[in-house]
Engineer: 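One structure follows; several queries about it will come next.
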Amino acid sequence: MNTQWQMLCGMAVLFTLGGCASDKAPATADVAVSRAAVASATSAGAADLAPAEMQSAREKLMRANQALAARDYKTAQDLATQASADAQLAQSKANSAKATTAADELQQNIRLLREELQRANATSQQ
């Protein structure tokens, strides 16, 4: 009876420790993914083109790191997921702003080419 009781207690301890370890791994991975998303958004120029979203992403990433250090893995995972979403939004806004700027420049170039073509046609008809 005593041996069975010890085995049951030992298994309970192992399951408890296994549960803690399994919470830590996803949280750590999510924080790493979030860190990469923030870095990617930063390199895409989101800090200048979507500053509010980048600030939110950075703050949530910092809080996720703090929660991870405090071994609050659920909070760390949640904050990391939110930081990733904010960083992706910031990167999308930055890419959209760049595309809009490029389209505006292209429209301006087309307008200038049309004006030059009209001047050239007017000169050749005289």
Side-chain angles (χ1 to χ4, degrees):
M1 179 76 172
N2 193 20
T3 305
Q4 289 177 337
W5 181 249
Q6 287 177 340
M7 284 182 63
L8 285 173
C9 287
M11 289 175 68
V13 168
L14 287 175
F15 283 127
T16 302
L17 291 175
C20 292
S22 67
D23 287 344
K24 182 180 179 183
T28 303
D30 286 347
V31 170
V33 167
S34 177
R35 192 174 299 118
V38 169
S40 179
T42 300
S43 67
D48 296 328
L49 299 169
E53 291 80 3
M54 280 303 298
Q55 182 63 29
S56 178
R58 287 181 177 137
E59 287 175 5
K60 288 175 184 172
L61 178 59
M62 181 186 64
R63 289 174 39 211
N65 281 318
Q66 290 170 345
L68 195 60
R71 296 183 177 166
D72 184 356
Y73 301 124
K74 176 66 175 142
T75 300
Q77 193 172 18
D78 291 344
L79 287 167
T81 300
Q82 292 172 21
S84 291
D86 288 348
Q88 289 170 356
L89 176 61
Q91 186 169 357
S92 293
K93 282 189 169 187
N95 290 341
S96 177
K98 288 178 185 179
T100 299
T101 300
D104 290 346
E105 289 175 5
L106 186 58
Q107 288 294 336
Q108 178 67 12
N109 288 338
I110 290 170
R111 187 185 61 75
L112 291 173
L113 287 172
R114 283 185 179 152
E115 288 175 4
E116 287 181 30
L117 184 58
Q118 287 174 352
R119 275 195 300 270
N121 284 340
T123 305
S124 67
Q125 289 178 356
Q126 290 177 356

Engineer: Apart from Val33 itself, what residues make up its hydrophobic cluster, given side-chain heavy atom links below 4.5 Å?
Structural biologist: none
Engineer: So which heavy atom on Ala87 is nearest to which on Ala57, and how close?
Structural biologist: N-CB, 3.7 Å
Engineer: Can you name the residues that form a side-chain contact (heavy atoms from CB on, under 4.5 Å) with Ala94, not counting sequence neighbours?
Structural biologist: Ala46, Leu49
Engineer: Tell me, which pairs form a side chain to side chain donor-acceptor pair (under 3.5 Å) where one or both residues lie in residues 86-99, sequence neighbours left out?
Structural biologist: Ser40-Gln91, Glu53-Lys93, Ser56-Asp86, Lys60-Asp86
Engineer: Is there any salt bridge (charged side-chain N to carboxylate O under 4.0 Å, His left out) pair reaching into residues 110-126, and which pairs are they, with sequence neighbours excluded?
Structural biologist: Arg111-Glu115
Engineer: Look at the side-chain heavy atoms of Ile, Leu, Val, Met, Phe, Trp and Tyr, link any pair under 4.5 Å apart, and say whether Met54 and Val31 land in one connected group.
Structural biologist: yes
Engineer: So how far is it from Asp30 CG to Ser84 OG, rounded to the nearest 0.5 Å?
Structural biologist: 7.0 Å
Engineer: Under a 4.5 Å cut-off applied to non-hydrogen side-chain atoms, are Thr42 and Val38 in contact?
Structural biologist: yes
Engineer: Sort and list the pairs that fulfil salt bridge (charged side-chain N to carboxylate O under 4.0 Å, His left out) and have at least one residue in residues 72-83, not counting sequence neighbours.
Structural biologist: Lys74-Asp78
Engineer: Among Leu112, Ile110, Leu106, which residue satisfies the side-chain contact (heavy atoms from CB on, under 4.5 Å) criterion with Gln108?
Structural biologist: Leu112
Engineer: Would you name the heavy atoms of Ala76 and Leu68 that are closest together and state the gap between them?
Structural biologist: CB-N, 3.7 Å
Engineer: Please round to the nearest 0.5 Å and tell me the distance separating atom CG of Leu117 and atom CG of Leu113.
Structural biologist: 8.5 Å
Engineer: Excluding sequence neighbours, so at least two apart, what forms side-chain contact (heavy atoms from CB on, under 4.5 Å) with Gln66?
Structural biologist: Met62, Arg63
Engineer: Could you measure the distance from the CG atom of Asn65 to the OG atom of Ser34? Nearest 0.5 Å is fine.
Structural biologist: 8.0 Å
